[in-house]
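Each remark here refers to the structure printed beneath this line.
Below, chain A is the first sequence line, B the second, and so on; all start at residue 1. Note: hydrogens, waters and symmetry copies are ignored here, and every other heavy atom, side chains too, is used.
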Amino acid sequence: MKSELAKLRIKDASLSLAEGKVTSVDLTEACLAEIKSQNGEINAYLNIDEGAIRMAKEADARISKGQRLGDLDGIPLALKDNLSTRGQKTTAASKILENYVAPYDATVVKKLRESGAVFLGKTNMDEFAMGSSTESSYFGVTRNPWDKERVPGGSSGGSAAAVAGDMCLGALGSDTGGSIRQPAAFCGIVGLKPTYGTVSRYGLLAMASSLDQIGPLAKTVEDAEVIFEAISGKDGMDATSTDYIYKSEASDDLKGVKIGIPKEFFEDGLDNKIRSQIEKAIEQMKLAGAKFKEVSLPHTKYALATYYIIMPAEVSSNLARYDGIKYGLSEEGDNLLEVYLNTRAEGFGPEAKRRVMLGSYVLSAGYYEAYYKKAQQVRTLVKKDYGEVWKSVDALITPVTPSLPFKIGEKTADPLEMYMSDVMTVPINIAGVPALAMPCGVVDKLPVGVQFIGKPFDEGKLFQIGRVYEKLRGELKK
Amino acid sequence: MKLTKTEVEHIAKLARVKISQEENEKYSEQLSEILNYVGQLEELDTNSIPPTARVSEGVNVWREDKVVQSEIKRDELLKNAPSEFDGYVKVKAVLE
C-alpha cells in the first residue's frame with residue numbers, strides 16, 4: 001500500500017487528500033520509505049529534511065479543518081540543492097559549501113512553503129549546476145532509475161531521479177543550458193524551463209545570471225503546471241523578474257495550433273531511434289488538429305559556442321564570492337591572496353575550475369572584444385531567429401538530446417564531448433524562451449524525450465500542447 | 001591555438017585558483033580545445049549587431065529608497081563565518 005502512494009501523480013494525490021482518502025503523512029511516509037530503500041544506491045538525495053513529517057502533520061491539520069491552501073498543500077516535493085533553504089544545508093554539491101547552512105529561503109522555496117508543500121530533502125546535482133550528468137557532484141554520482149549504470153542527466157539529475165524513482169511526487173530543478181530538460185528526458189519525466197524572468201532567482205545559488213531559471217520536474221504535464229503556477233510571478237528581490245501571472249489554456253485539443261520543425265535540430269548527429277520517436281509524436285499530434293511545417297533557426301549551430309563563452313564569463317563573476325571569507329570552506333594562507341587561492345583550489349572541483357578560468361580569460365583585457373562581446377552579439381542573432389519564427393508558428397518541436405542516456409563515466413574524459421550533449425537545449429536559454437521536455441517513447445528500455453519550445457511568456461500554449469500530446473501518447477511502456 | 005604555461009598561470013591568478021604544474025598542463029589542453037571550439041563565432045559577421053546583455057525587459061528597475069529591517073539576524077549570518085571576532089568576520093590584513 002505504501003509504495004503505491006509514492007507512485008501517485010500530484011493531481012491524483014491532491015484529489016485523494018481533498019477527499020480525505022489519504023493523509024499528507026501517508027504520502028510523506030511513503031516517499032520517505034522509497035528514499036530509504038533506494039537512495040543508498042541511486043544517491044538522488046543529499047539531505048533529508050527532518051521536518052518533513054511535521055510539515056505533513058501541519059498540512060493534515062489544515063485539511064481536516066477545511067482550510068486546505070491549494071493543490072500543493074500536503075504534497076511531498078524535493079528541492080535541488082542549489083536552492084537556499086533556511087536553517088538547512090545548501091551545498092550546490094560542492095566541497096566549498098559542504099557545511100554551509102542557508103540563513104534564508106529562496107523565493108520559490110518560500111512560495112512552496114506558503115502553498116503548504118512538504119519538503120522531503122535536497123537533491124544531488126552537478127557541482128554549481130555545471131554539467132550534464134550529475135557526475136561532477138562532490139557527493140558522488142546519481143544513478144538513473146531506468147538503468148543504474150547510466151547517468152540521470154544533469155545538472156538536476158538528483159531531482160529527476162527522485163521523481164522518476166517515486167522518491168517524491170515532484171521536484172524543483174534549475175536550467176541554465178538544459179539542466180532541467182535533459183535530465184527530464186534521460187529519466188522519462190516532464191521538465192519545464194520557463195521564460196527567463198517568470199520565476200524569481202532570489203535564493204538560487206547563481207551560475208549564469210542571464211541564463212538561469214528555476215522550474216518544475218514532475219511525472220505528468222499537469223503536475224508540472226501546478227508547480228509552475230505556484231512558483232512563478234514577479235518578485236521584488238529579483239530585479240530581472242517580470243510582471244507575470246500564469247494562466248492555463250483551457251483547450252483539450254490542438255486545433256489551430258501551428259508547430260514548427262526546425263531543420264537544424266534534425267541533422268545527421270541525431271540518433272535515428274530518437275528521430276523516429278519524434279516523428280511518431282508529430283503524426284499523433286496531427287490527429288488532434290496540429291499543423292506542422294518546416295522552419296529554420298539558422299544560428300542554432302553557433303548557440304553552443306555562444307553559451308560556452310557567456311556562461312563561463314558569468315560563472316567566473318558569480319563564483320567569485322566563494323573566497324573563504326564570509327562563509328564556506330576556508331583554507332589557511334599567509335596572506336589574503338593565499339586564502340583565496342588555497343580555498344578555491346581545495347573547494348572547487350575540476351569543472352568549476354575550468355569554467356571559472358575560461359570565464360576569467362574571455363572577460364580579460366585584450367580578449368573581451370573577441371570573445372565575450374562577440375558572443376553577446378551572436379546572442380542577438382540567435383534571439384532574432386526565434387523572433388522571426390514566431391511570425392508563422394506558435395511553438396516548435398525538437399528532440400531534447402542528440403542521443404540516449406549515456407553510461408556513467410562515458411563522457412568524463414573529454415569536457416567538450418560532455419558539452420556537446422547540450423546542443424539542443426542551450427539555444428533556448430540563449431534566446432530566453434520557454435521549453436517543455438516530456439517523454440515521447442522508450443527505445444532499448446531507455447526513455448526518449450521530446451522538447452516543445454514556446455514564445456516568451458506563452459507557457460500556457462506549451463502546457464496545452466503537452467497535456468494533449470500526453471493523452472494521445474498514452475502510457476509509456478517501460 | 002594553444003595556451004602557454006604562462007598564460008594558464010595568468011588565467012589561474014585572475015580566477016584566484018591555485019593550480020599545480022600538472023594541472024597547468026591538463027587545463028592548458030582542455031581550455032585550448034574549448035577556446036578553439038568557441039572561436040567558430042569568428043565565422044559570423046556581427047559588425048552592426050548590438051550585443052544582448054539581458055533577455056528580459058526592464059531597464060533601471062527601482063524600489064523605494066527605504067530602510068527595511070532584515071528578517072535575518074546577525075548571529076545567524078555569523079554562524080557560517082570561518083573566523084569571527086566580537087560580532088565581526090575576521091580576515092587577513094587587506095592593506096599593508
task: Scan side-chain atoms only and decide if K374(A) and T46(B) contain a donor-acceptor pair under the 3.5 Å cut-off.
output: yes

query: What distance separates E346(A) CD from K18(B) NZ, expressed to the nearest 0.5 Å?
result: 11.0 Å

message: Between E43(B) and K301(A), does any NZ, NE, NH1 or NH2 come within less than 4.0 Å of an OD or OE carboxylate oxygen?
response: yes

- request: Just give me the residue among A305(A), S316(A), A431(A) that pairs up with chain B most often, heavy atom to heavy atom, under 4.5 Å.
  value: A305(A)

- request: Select one option (side chain, backbone, both, neither) describing which atoms of E331(A) are under 4.5 Å from chain B's heavy atoms.
  value: neither

- prompt: Does the side chain of E338(A) come within less than 4.5 Å of K92(B)'s, by heavy atoms?
  reply: no

message: Is V339(A) in contact with chain B via its backbone, its side chain, both, or neither, using a 4.5 Å heavy-atom distance?
response: side chain

- prompt: With only heavy atoms counted, which part of D334(A) is less than 4.5 Å from chain B, the side chain, the backbone, both or neither?
  reply: backbone

message: Quick one, L14(B) and Y361(A) - any side-chain contact, counting heavy atoms below 4.5 Å?
response: no

Counterpart residues, ring-ring contact (aromatic ring centres under 6.0 Å, His included), relative to Y419(A) (two or more places apart): Y308(A)

query: Using a heavy-atom distance cut-off of less than 4.5 Å, which residues of residues 194-212 of chain A contact chain B?
result: Y196(A), S210(A)

message: Just to verify, what does A313(A) make a side-chain contact (heavy atoms from CB on, under 4.5 Å) with, not counting sequence neighbours?
response: V362(A), L363(A), Y372(A)

field: Donor-acceptor pair, side chain of T52(B) and main chain of R379(A), under 3.5 angstrom
entry: no

- prompt: Given side chains that start at C-beta, do those of R16(B) and L337(A) come closer than 4.5 Å, heavy atoms only?
  reply: yes

query: Can you name the closest pair of heavy atoms from L31(B) and M357(A) and give their distance?
result: CD1-CB, 4.1 Å

- prompt: With chain A, which of L3(B), L77(B), I72(B) has the greatest number of heavy-atom pairs at distances under 4.5 Å?
  reply: I72(B)

query: Considering only heavy atoms from C-beta outward, does the side chain of L341(A) approach that of V17(B) to under 4.5 Å?
result: no

- request: Please confirm whether the backbone N or O of P51(B) pairs with a side-chain atom of Q377(A), one donor and one acceptor, at under 3.5 Å?
  value: no

statement: Checked L78(B), I19(B), I11(B) vs chain A; the most non-hydrogen pairs under 4.5 Å come from I11(B)

- prompt: Any idea which of F348(A), Y371(A), Y104(A), Y340(A) has the most non-hydrogen atom pairs under 4.5 angstrom with chain B?
  reply: Y371(A)

field: Side chain proximity check, M420(A) to Y37(B), heavy atoms < 4.5 angstrom
entry: yes

message: Test of understanding: with side-chain contact (heavy atoms from CB on, under 4.5 Å), list the residues that count as partners of K26(B), not counting sequence neighbours.
response: P350(A), Q30(B)

